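As structure tokens, the structure follows; a few thoughts come after it.
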Amino acid sequence: MSDSPAIPSNFIHQIIREDLKNNKNDGRVHTRFPPEPNGYLHIGHAKSICLNFSTANEFKGLCNLRFDDTNPEKEDMEYVDSIRESIRWLGFDWEDRQYYASDYFDKLYEFAGELIKQGKAYVCSLNQDQAREYRGTLTKPGKNSPDRDRSVDENLDLFNRMKDGEFDDGDYTLRAKIDMASPNMNMRDPVIYRIRRAEHHQTGNKWCIYPMYDYTHCISDALEDITHSLCTLEFEDHRPLYDWVLDQLESLPHPRQIEFARLNINYTVMSKRKLKQLVDEGLVDGWDDPRMPTLDGMRRRGYTPVSIRNFCEMVGVTKANSVVDVGMLEHSLRDDLDKTSPRAMCVLNPLKVVIENYPEDKIDVLTLPKHPKDESMGNREIPFRREVWIDRADFEEVPPPGFKRLVTGGEVRLRGSYVIKCEEVIKDNNGEIMELRATYDAATLGARPEGRKVKGVIHWVSVQDALDVEVRLYDRLFNCENPDAAEGDYRDYINPDSLVVKTGCKAEPTMADAAHEERFQFEREGYFCVDRKNSAPDKPVFNLTVTLRDTWAKKSN
RNA sequence: UGGGGUGUCGCCAAGUGGUAAGGCAACGGACUCUGACUCCGUCAUUCGUAGGUUCGAAUCCUACCACCCCAGCCA
């Protein structure tokens, strides 16, 4: 993390500094990251993870991991495992402080009893439709439930029987008694417990009643002695309820909820529902498809944890809804990858070049640095022979102005090797270029050619030594800036070219022992990562993480 | 037409009454055996709009406008 910039200040840090100055919480700062285990983590969650963990770190405090698991029907152990793995991969550590809201089900039940005894909660028999009717609308106040004035004893008895499974799902709910005329819908006697006969991934069949988010979250925070409960903007309206619950329960501390804007990035979707749909409908290759904005997907794509953390710091923390340009993410990615990736050569669209004045049995074993600026990475040895592959895009019979690669009769430098000159173009009957004939200048190895300058440098791989690899070229999943807001269905905007699989690519032989998740820069192309799932020693698979910046392509467009 | 929020360069974002940071992008240029990296330079007389207070306002006041969130027994 040494290359991470200092954590920039934000409004939340300012609030915390103020709290500290006023001696709140004995100078303690304790945050938590509270995912619901109902899906995989995505880059939006990374913002929250970074915020919570780095805020704790900044103020020498702690950050807990807590699974907000109050809705067993949607949650699954598969998700808790992947969430834990993703947070660790990002580089954060909750030490021994992993909790589940379900750890508190017993206490939550007791506190509910306390609320009932205080006359602050009641068992309601309204069904869902009736409840909706009684709730009123945004502009019309609601009506009191006919059960609102049930006696404490009766409420206690009914609530107990709800727990004991005497009723069917939906027969009763436990509601907080607040104000059916409140302009804040959340305060119109919100449901805090519902009957749901569902097996829970943590508590099994112990419960048939489950507490609601608003009631659970604040109490969980309090029980863990959280000082600052950071959440997203849509919970701003829930803060009065968060505070109300804790105000009734005097034995508990009272954390402060602070809301910030979630992260949005253009050319992608971020809602769990849509991501799940992409997976379920087979529009992508699973939650960890390299095109997905999930942390698992980004990991497989080749993103580094550092690049994601830096990005989160770069975008800042505010209360203003915003959409960050994906270019910022890519900048942060390239920035890290450039420093950390060893270089290699790989020809994506092979075109054979025969160097006619280079003897057939001759071989040069060239020593090239793994990184142009970082000697500590060491060197690699690359064989050079009479026949080499170059990329078809690096040769033009009719070059556009400014083209500085290989042309008929022209010269080009083979990266780290000799300068060659194209002598002849060999085509098939259809006029398709099959092969190039060239000559090389033996005096140009590690030296400038005499009496002329050669501007172009292209990458190459010896034909005889080349390693055949599969390369998966990924591009943005959507070809529209904001698929959510665009006309029609967001799936209509899936980029058909978001994945292009290339087989028979020619990699330099050193790639033979590349390990899963190992990252390289294929010079002049981009950064690539060995696929952690599908790559095998006899069938290497490289994923394009991100291309190099290409000002030439930009100009020629 | 209730309530809660937010509006500073194309995109993020500092700024908290003293005369608009920074990053991304873009555009010039230098360097270069990666058209990469790096480096240098340019890029808001103006802060949603209109008034007002003040010697002085993006910052304070008033009104208006735009956008986001809320009517799950989801989180």
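Bear in mind the structure is a predicted one, so any value in this text is a computation, not a measurement. Here is the naming used below: chain letters follow the sequence lines, and residue numbers restart at 1 for every chain.
- Backbone-only engagement by A:T318 is indicated by non-hydrogen atom pairs under 4.0 Å involving sugar-phosphate atoms exclusively.
- Comparing B:A66 with B:A50, their C1' atoms sit 15 Å apart, to the nearest whole Å.
- Residues that satisfy the ring-ring contact (aromatic ring centres under 6.0 Å, His included) test with A:F159, not counting sequence neighbours, are A:Y109, A:Y193.
- With a glycosidic angle no more than 90° from 0, B:G72 adopts the syn conformation.
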Mind listing the side-chain donor-acceptor pairs of residues 445-452 of chain A below 3.5 Å, one per line with the distance, residues two or more places apart or on another chain?
from: A:R452; atom 1: NE; to: A:E450; atom 2: O; distance (Å): 3.0
from: A:R452; atom 1: NH1; to: A:E411; atom 2: OE1; distance (Å): 2.9
from: A:R452; atom 1: NH1; to: A:E411; atom 2: OE2; distance (Å): 2.3
from: A:R452; atom 1: NH2; to: A:D441; atom 2: OD2; distance (Å): 2.6

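- Note: NZ (A:K319) to P (B:G5) measures 7 Å, nearest angstrom.
- Across the strands present, B:G10 finds its partner in B:C24; the criterion is a Watson-Crick or G-U wobble pair with both atom distances under 3.5 angstrom.
- Nucleotide B:A13 holds its P atom 13 Å from the CG atom of A:D325, rounded to whole Å.
- Ranked by how close their nearest RNA chain B nucleotide is to the 5' end, A:V324 and A:T139 are led by A:T139.
- For the C1' atom pair drawn from B:U8 and B:C43, the interatomic distance equals 16 Å after rounding to whole Å.
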Q) Which letter, B, S or -, goes with each nucleotide of nucleotides 66-75 of chain B from 5' to 3', with contact meaning a protein heavy atom under 4.0 Å? A) --SBBBSBSB

Q: Spell out protein contact along nucleotides 29-36 of chain B as letters: B when the base is contacted, S when just the sugar-phosphate is, - when no protein heavy atom is under 4.0 Å; keep the 5' to 3' order.
A: ----BBBS

Which pairs of donor and acceptor atoms, one on a side chain in residues 322-329 of chain A, lie under 3.5 Å apart (sequence neighbours left out)?
from: A:D325; atom 1: OD1; to: A:G327; atom 2: N; distance (Å): 2.7

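- Here A:E330 lies out of heavy-atom contact (under 4.0 Å) with every strand.
- Distance A:R17 CZ to B:U16 C1': 14 Å, rounded to the nearest Å.
- B:U59 and B:U46 have their P atoms separated by 15 Å, with the value rounded to a whole Å.
- Taking a pair to require two hydrogen-bonding distances under 3.5 Å in either a Watson-Crick or a G-U wobble arrangement, B:C64 pairs with B:G48.
- Here the straight-line distance linking atom CG of A:D147 with atom CG of A:N155 works out to 8.5 Å at 0.5 Å rounding.
- Per the geometry, CD belonging to A:E481 stands 14 Å off P belonging to B:G10, to the nearest Å.
- Remark: the A:Q257 side chain and the A:Y242 side chain contain no N/O donor-acceptor pair separated by less than 3.5 Å.
- When rounded to the nearest whole Å, the span between NE2 of A:H331 and P of B:U38 equals 8 Å.
- Base pairing annotation: B:G2 forms a Watson-Crick or G-U wobble pair with B:C70, both donor-acceptor distances under 3.5 Å.
- A cation-pi geometry, defined here as NZ or CZ lying under 6.0 Å from the six-membered ring centre and within 45° of its normal, does not hold between A:K421 and A:Y440.
- Evaluation of the salt bridge (charged side-chain N to carboxylate O under 4.0 Å, His left out) test over residues 40-49 of chain A, restricted to residues two or more places apart or in two chains, returns none.
- Nucleotides B:A58 and B:A14 are separated by 12 Å at their C1' atoms, to the nearest Å.
- With B:A14, B:C11, B:U6 as the choices, the nucleotide that has an atom nearest any side-chain atom of A:M328 turns out to be B:C11.
- Between the C1' atoms of B:A57 and B:G52, the separation comes to 11 Å (whole Å).
- Nucleic acid contact class of A:V454 (heavy atoms, under 4.0 Å, all strands): none.
- The aromatic ring centroids of A:H200 and A:F105 lie less than 6.0 Å from each other.
- A distance of about 39 Å separates the P atoms of B:C65 and B:A26, rounded to the whole Å.
- Side-chain nitrogen and oxygen atoms of A:Q14 include at least one within less than 4.0 Å of the OP1 or OP2 phosphate oxygen of B:G15.
- Comparing the same atom, C1', in B:C33 and in B:U45 gives a spacing of 48 Å after rounding to whole Å.
- B:C11 atom P lies 18 Å from atom CG of A:L329, rounded to whole Å.
- Among the candidates A:H45, A:H42, A:R262, the single residue satisfying the side chain to side chain contact (heavy atoms under 4.5 Å, CB included) test with A:M270 is A:H42.
- For the C1' atoms, the distance from B:C37 to B:G56 is 47 Å, rounded to whole Å.
- Nucleotide B:U53 is matched to nothing when pairs are restricted to Watson-Crick or G-U wobble geometry with both distances under 3.5 angstrom.
- Summarising the geometry, the separation between CD on A:E259 and P on B:G3 is reported as 19 Å, rounded to the nearest angstrom.
- Results of the side chain to side chain contact (heavy atoms under 4.5 Å, CB included) test with A:T304 over A:D336, A:D335, A:N310 single out A:D336 as the only residue that passes.
- Rounded to an integer number of Å, the gap from CG of A:N310 to P of B:G22 is 20 Å.
- Between A:F67 and A:Y100, the ring center distance clears the sub-6.0 Å criterion.
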